[in-house]
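Worksheet: the structure to be examined is printed underneath.
The structure presented is a predicted model; accordingly, all values stated were derived computationally and were not measured. Every chain is numbered from 1 and lettered A, B, ... according to where its sequence line falls, protein lines coming before strand lines.
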There are 2 protein chains.
Amino acid sequence: MSTRIQILDAGEQLARARGLEAFSYADLEKAVGIRKASIHHHFKSKADLALALIERYSERFADALRDIEDAHVTPQERLRAFTGLYRDALAGGEQVCLCVAFAAGRESLPGTVALATRSFQEMALAWLEVTFNELNTPEFPDDPQDEAAAFLALLEGAQIMARGASDPALFDAAIRPFIRRLGVTGLKA
Amino acid sequence: MSTRIQILDAGEQLARARGLEAFSYADLEKAVGIRKASIHHHFKSKADLALALIERYSERFADALRDIEDAHVTPQERLRAFTGLYRDALAGGEQVCLCVAFAAGRESLPGTVALATRSFQEMALAWLEVTFNELNTPEFPDDPQDEAAAFLALLEGAQIMARGASDPALFDAAIRPFIRRLGVTGLKA
DNA sequence: GTCTATACATGGATAGAC
DNA sequence: GTCTATCCATGTATAGAC
C-alpha cells in the first residue's frame, strides 16, 4: 500500500473520530511511521489533505451507491442497504461519516473543502430522492425530496447520537422505526 | 452582563460554529475585548470552559423543557415545540446544538466534558420517551424509546445537514414529513 | 521519497504588577 | 479583575542533504 494511501487512511480515521482541527501532522507521523516533512511531501498543506480526504470519500461513496443499485432492485432493499453504509461507518461508535465530521465544524473548513462536503451531501440527497420517488407507497406520502432529507438527517443524526454515547445500539434504536415502516411496505408491494 | 457570561456566550457561539478545537483563547480575547490572561482568570483551562459551556447549555435546555410542559398540554404540541428548540439553535444555518458539536469530535473531548455531553443527550431522550409514551397513536407504533431516539436523531441530523449547506431550508425539509405525521395525528385525537 | 533541522506562528497557561 | 510579559509546547510548513 502506497504511503499516500496510508496517510489518507490515517487522516480519515482521525478526522472522523476527533474532527479535522483536532489532529495534527504529528499524529499522522505516529500513525504512518514517517516524519512530518514526508507527510508534507505528499500533502503540501492540511487543506490539501482535507480536500483529498473528502474527495476520496465521495468517490468511494459513489461506488457504494452503484454497488447497491447492482445488488438490489426494489427501493426498499436499496434503502435498507443505504442504511447499512451509515451503520458500518460508525465503526463501533467511535467514528462518524466524514461528511458529518466536516459539516459539524463548517466555519473552520477551507473553502474548497466546504464546497466538496456540500457536494457529497447533495449526491446522497439526489440518490435518495430518486429512490424515494420509486417508493410509491402510503407509508411515505411526502415529497420525495423531503423524504430524502428526512432519511439522511435520521442517519446522520443517529451517527452523532451513537458517537456521543460511544454506543452503536443508539444508532440501531433510532433507525428501527424507519426500518419497520419500510418492512411493512415491502410486504405489501 | 458579567465578563464571565460574555466569555461563555462567545465560547458557545464559537464552539457551535467551528467546533471546540477550532477556536482559541485568542479568539475569545477578540470577541470579549479583554486579554487572554483575563480569560484564564475566569476559566483556568479550556477544559474548564468547555465543561462550563455544556453545563450551562444543559441547564438552559432543562428550563426550556419545563417551559414547554407549562405552555403545552398535548404530546403533539410538545413535540412541535421541541422541534422549535432545534430549529432556533440553527441560528440561520451557521451553528448546531452544542451537544452535536461536542459529540461529533468526542474523542478529543476532556473526560468530564464527554460525560456531561452524554448526560445532555440522555436528558433529551428521557423527556422524549415520556412524551412519545403519551402519544399513543397509530402513526407512532414503536417502542417509545425507539421513537424518541429516531426523533432526536432526525433533529440533530437535520441540523448537521443544514449546517453543511449553510441553509436552514434543509432543516425544514427534513422535519416536514414528521410534522405532517404528527399533524394528522393531532387532528384525529 | 524520506530524512534532519529549523523557521515561525499559534496555543494554552502562569507570574506578578496594578 | 485586568493587565504586560513571558514560558514552553505544539502546529504548520520549508530548506536542503541523502
Discussion item. Please determine whether a side-chain nitrogen of the Lys or Arg among B/Arg56 and B/Glu12 lies less than 4.0 Å from a carboxylate oxygen of the Asp or Glu.
Written reply: yes

Practice prompt. Rounded to the nearest angstrom, tell me the gap between atom CG in A/Leu20 and atom C1' in D/dG11.
Written response: 13 Å

Worksheet item: Do NZ/NE/NH1/NH2 and the carboxylate oxygens of B/Asp146 and A/Arg180 come within less than 4.0 Å?
Response: no

Worksheet item: OP1 or OP2 of D/dG1 less than 4.0 angstrom from a side-chain nitrogen or oxygen of B/His41, does that happen here?
Response: yes

Response to the item:
Winner on side-chain proximity to A/Ala37, out of C/dT2, C/dG11, C/dC3, is C/dC3

Response to the item:
Between CD1 of B/Ile39 and P of C/dT14 the distance, given in whole Å, is 15 Å

Discussion item. Just N and O in the side chain of A/Ser24: are any of them under 4.0 Å from OP1 or OP2 of D/dT10?
Written reply: no

Fill in: Distance in angstrom units between B/His40 NE2 and C/dA15 P, rounded
12 Å

Worksheet item: Hey, is CG on A/Asp67 packed in by over 12 heavy atoms from elsewhere, all under 6.0 Å?
Response: yes

Worksheet, complete the sentence: Atom CZ of B/Arg35 and atom P of C/dT14 are separated, to the nearest Å, by 19 Å

Item to complete: Measure from the side-chain heavy atoms of A/Lys46 and tell me the nearest of C/dA13, D/dT12, D/dG1.
Response: D/dT12

Worksheet item: Roughly, in whole Å, what's the span from CZ in A/Phe23 to P in D/dT10?
Response: 18 Å

Item to complete: Specify the separation, in whole Å, of atom OH of A/Tyr25 and atom C1' of C/dT10.
Response: 17 Å

Discussion item. Closest approach to the side chain of B/Ser38, judged atom by atom: which nucleotide of D/dA13, C/dT2, D/dC3 is it?
Written reply: D/dC3

Practice prompt. Provide, to the nearest angstrom, the distance between the NZ atom belonging to B/Lys36 and the C1' atom belonging to D/dG1.
Written response: 18 Å

Fill in: Euclidean distance, atom NZ of residue A/Lys44 to atom C1' of C/dT2 [Å, nearest integer]
18 Å

Discussion item. With a 4.0 Å cut-off on N to O distance, would you call A/Asp63 and A/Arg60 a salt bridge?
Written reply: no

